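Let me begin by presenting the structure, written as structure tokens, before commenting on it.
Since the structure is predicted, the reported quantities are computational estimates derived from the model, not experimental observations.
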Amino acid sequence: MFKLTETDIELFVIDLLEDQGFAYLSPEKWEEERRSLDNVVLLPRLQYTIDRLNPDIPVEAKEQALRQIINLPSQNLIENNEAFQRMLTDGVRVEFMTEDSIRGADVKVIDFEEIGKNDFVQCNQFTVTNENITKRPDVVLFVNGLPLVVIELKNPTDENATVKKAFTQLQNYKNAISALFNYNGVLIASDGLDAKAGSLTAGFSRFMAWKTRDGAKEDRKTVPQIETLVKGMLNKEVLLDLICHFSVFEKEHKEDKVTGITQIETIKKIAVYHQYYAVKKAIDSTRKASSEQGDRKVGVIWHTQGSGKSLSMVFYAGKIVQELGNPTVVVLTDRNDLDDQLFDTFAGCSGLLRQEPVQAKERKDIKELLKTSGGGIVFTTIQKFFPDDGSEAYEVLSERKNIVVIADEAHRSHYGFKLKVREKNGEAIHAYGFAKYLRDALPNASFIGFTATPIEKQDASTRGVFGDEIDIYDMHDAQKDEVTVKIYYESRLAKIHLKPK
């Protein structure tokens with residue numbers, strides 16, 4: 001009778017990862033690359049990458065960068081992880097002497113543009129020792145010698161070995177061998193069938209399945225979630241994109257109910273699959289809509305309530321800032337309280353956005369902010385786009401084409417294009433809706449709508465203003481067929497054991 005073991009699950013995942021291009025390093029090989037078991041970085045690989053990606057940087061400066069990576073500045077795990085994230089995305093800042101001055105430079109440690117220039121390996125039973133405590137995470141993925149992904153596996157045939165137990169084991173590792181997690185981008189917990197991924201600070205409820213390989217369709221329910229996750233999320237391009245553009249360190253103010261003291265808590269968040277693929281599609285649509293021949297209608301993203309819509313908007317803004325060459329992003333709501341809430345979310349993620357967003361409190365503020373030739377992320381309500389003198393047109397604030405307007409709750413307050421006549425003190429008052437005035441002010445801007453409300457088929461207004469649906473997120477997940485999955489495993493493992501090593 002066929003019975004899965006934890007070794008089988010590990011072998012299965014290793015094989016999947018090899019198919020994705022993660023070369024396998026046996027324990028004997030990775031031990032050779034480490035000076036001792038308390039070193040968690042594969043130093044020869046990191047040093048070689050730094051040399052290769054930074055040919056114009058002096059040797060002393062590259063050694064300085066290496067020291068900064070190895071000796072992160074804090075005793076606090078999340079602070080170190082955030083500091084390392086900046087090194088990954090922006091480069092390691094170094095200084096060095098030239099003939100006549102001190103020069104600064106950013107040392108690149110990962111090539112996010114040409115994925116093939118990076119080194120991808122995997123290690124199983126990766127032994128780490130810290131203060132006489134030894135732990136062995138099941139699988140660790142290294143990019144250029146840096147341990148970016150930790151995977152903990154349990155046996156699906158053991159009723160006590162659940163995804164929750166794998167998650168708990170990861171939390172134990174964080175406490176016992178925290179140095180390994182200074183560099184972490186993604187944590188993965190799996191029982192060999194179900195698999196969930198989350199950030200360094202995420203609780204179990206925030207660990208989510210990755211349900212698609214390509215964003216076009218979900219895998220069959222007979223395919224183990226761990227396979228879908230490896231082929232989708234751990235695809236080299238997707239993984240590096242997630243770490244670079246879809247990871248935020250959100251700052252939240254927490255008040256102690258006993259003392260009344262407010263502290264700032266850092267929470268790391270990474271995109272889940274529906275956020276990631278929706279933003280990718282939105283970026284493609286924005287390129288087309290904002291082009292010379294584009295119609296300025298990017299489209300609409302409908303993600304149901306509680307699905308992380310606000311964070312999807314942050315990810316979109318972060319990506320579009322890099323795509324369009326210093327654009328202005330206008331985030332638009334129709335209520336002051338929503339404007340404040342969304343602004344707080346964006347302000348808490350300024351590291352990803354690479355700038356501090358600004359909020360237009362008065363009508364005069366919006367004019368000052370949008371008349372500039374530079375970029376920025378500007379928050380305002382649509383009601384502020386109303387002519388001060390009561391005329392039928394709003395003044396042109398900018399004719400630039402690299403302006404993107406993000407409309408929150410796109411089905412409300414964004415359709416007022418027709419002239420309306422009302423009577424006041426015996427006089428006929430002519431006025432348009434705010435949407436018309438907004439386009440007077442920004443005639444060449446492109447528009448994208450985000451909503452948590454279903455867009456009805458007969459709703460021509462939303463499509464007419466913003467364009468077609470970019471992405472719709474359905475909350476219903478397929479039920480799993482464990483018996484069929486077991487048969488799938490048996491056939492797959494038989495092939496793995498026959499593979500030459």
Please determine if D284 and R287 form a salt bridge, counting it only when a charged side-chain N lies under 4.0 Å from a carboxylate O.
yes
If we ignore hydrogens and angles and just use 3.5 Å, is the side chain of N118 paired with the main-chain N or O of I115 as donor and acceptor?
yes
Minimal non-hydrogen separation, G203 against F167, with atom names
C-CZ, 3.8 Å
One should read off an interatomic distance between I226 CD1 and I9 CD1, to the nearest 0.5 angstrom, of 9.5 Å
Look at the side chain of R400 and the backbone N and O of G375, then say whether any donor-acceptor pair between them is shorter than 3.5 Å.
no
Closest non-hydrogen atom pair between A179 and V40, with its separation:
O-CG2, 3.6 Å
Does the distance from a Lys or Arg side-chain N to an Asp or Glu carboxylate O, for K165 and E152, drop under 4.0 Å?
no
Check ion pair D241-K319 (N to O, under 4.0 angstrom)
yes
Check: L234 and F120 side chains under 4.5 Å, non-hydrogen atoms:
no
To the nearest 0.5 Å, how far apart are CG in L170 and CZ in F181?
6.0 Å
Hey, are the side chains of I406 and I320 touching, using non-hydrogen atoms and a 4.5 Å cut-off?
no
Can you measure from CD (Q64) to CZ (R93) and round to the nearest 0.5 angstrom?
10.5 Å
So, does Q275 use its side chain to make a donor-acceptor pair with the main chain of L311 at under 3.5 Å?
no
For T228 and E218, run side chain to side chain contact (heavy atoms under 4.5 Å, CB included): C-alpha distance rounded to whole Å, both residues' side-chain angles, the deciding distance at 0.1 Å, then the answer.
CA-CA 9 Å; T228 305; E218 293 186 10; over 6 Å; no
Would you check if the side chain of N130 reaches a backbone N or O of A176 as a donor-acceptor pair within less than 3.5 Å?
yes
What's the spacing between E323 CD and H245 NE2 if we round to 0.5 Å?
8.0 Å
Looking only at the side chains, is there a donor atom on one of D340 and Q359 sitting less than 3.5 Å from an acceptor on the other?
yes
Has the side chain of N144 got a donor or acceptor atom that lies under 3.5 Å from a matching backbone atom of D119?
yes
Heavy-atom side-chain contact between I270 and F246 under 4.5 Å:
no
Tightest non-hydrogen contact, residues V314 and L353, listed as O-CD2, 3.8 Å
Derivation of the side chain to side chain contact (heavy atoms under 4.5 Å, CB included) call for L77 and N182:
CA-CA 6 Å; L77 173 58; N182 284 332; 3.3 Å; yes
Criterion side-chain hydrogen bond (donor to acceptor under 3.5 Å, both in side chains) on K251 and T266, from CA distance to verdict
CA-CA 5 Å; K251 310 298 180 182; T266 301; 3.0 Å; yes
Once you measure the plane-to-plane angle for Y473 and Y273, does it fall in the parallel (<30°), tilted (30-60°) or perpendicular (>60°) bin?
perpendicular
Does E33 use its side chain to pair, donor to acceptor, with the backbone of V41 at less than 3.5 Å?
no
What's the verdict on side chain to side chain contact (heavy atoms under 4.5 Å, CB included) for F315 and V248, showing C-alpha distance, side-chain angles and the deciding distance?
CA-CA 9 Å; F315 293 137; V248 295; 3.7 Å; yes
So does L242 get a backbone contact from the side chain of S247, meaning a donor-acceptor N/O pair under 3.5 Å?
yes
Evaluate the criterion side chain to side chain contact (heavy atoms under 4.5 Å, CB included) for residue pair R45 and L25; output intermediate values, then yes/no.
CA-CA 12 Å; R45 293 174 186 271; L25 281 187; 3.4 Å; yes
Counting only N and O atoms by type, is there a donor-acceptor contact under 3.5 Å from the side chain of S285 to the main-chain atoms of V298?
yes
Contact check, side chains of L187 and K174, non-hydrogen atoms, under 4.5 Å:
yes
May I ask you to decide if F142's main-chain N or O and Y183's side chain share a donor-acceptor pair within less than 3.5 Å?
no
cation_pi(R34, F126) dist<6.0 Å, angle<=45
yes
Closest non-hydrogen atom pair, S312 against H303:
OG-ND1, 4.1 Å
Walk me through whether K231 and D219 qualify under salt bridge (Lys or Arg N to Asp or Glu O under 4.0 Å).
CA-CA 11 Å; K231 292 186 175 181; D219 261 353; over 6 Å; no
So, do L146 and I69 sit near enough that their side-chain heavy atoms are less than 4.5 Å apart?
yes
Under 3.5 Å: donor-acceptor pair, side chain of T212, backbone of K217
yes
Please examine the side chains of L141 and P147, heavy atoms only from C-beta on, and report whether any two atoms are closer than 4.5 Å.
no
For T286 and A282, work out which heavy atoms get closest and say how close.
OG1-O, 2.7 Å
Interatomic spacing from CD in E79 to CZ in F249 - rounded to 0.5 Å
11.0 Å
How far apart are the closest heavy atoms of Y316 and V404, and which atoms are they?
OH-CG1, 3.5 Å
How about I301 and K281: do any of their side-chain heavy atoms sit closer than 4.5 Å?
no
Please tell me if the side chains of V13 and S190 come closer than 4.5 Å, counting only heavy atoms from C-beta onward.
no
Could you go through N81 and K268, starting from their C-alpha distance and side-chain angles, then the distance that decides it, and tell me whether this counts as side-chain hydrogen bond (donor to acceptor under 3.5 Å, both in side chains)?
CA-CA 9 Å; N81 193 250; K268 186 178 184 180; 2.8 Å; yes
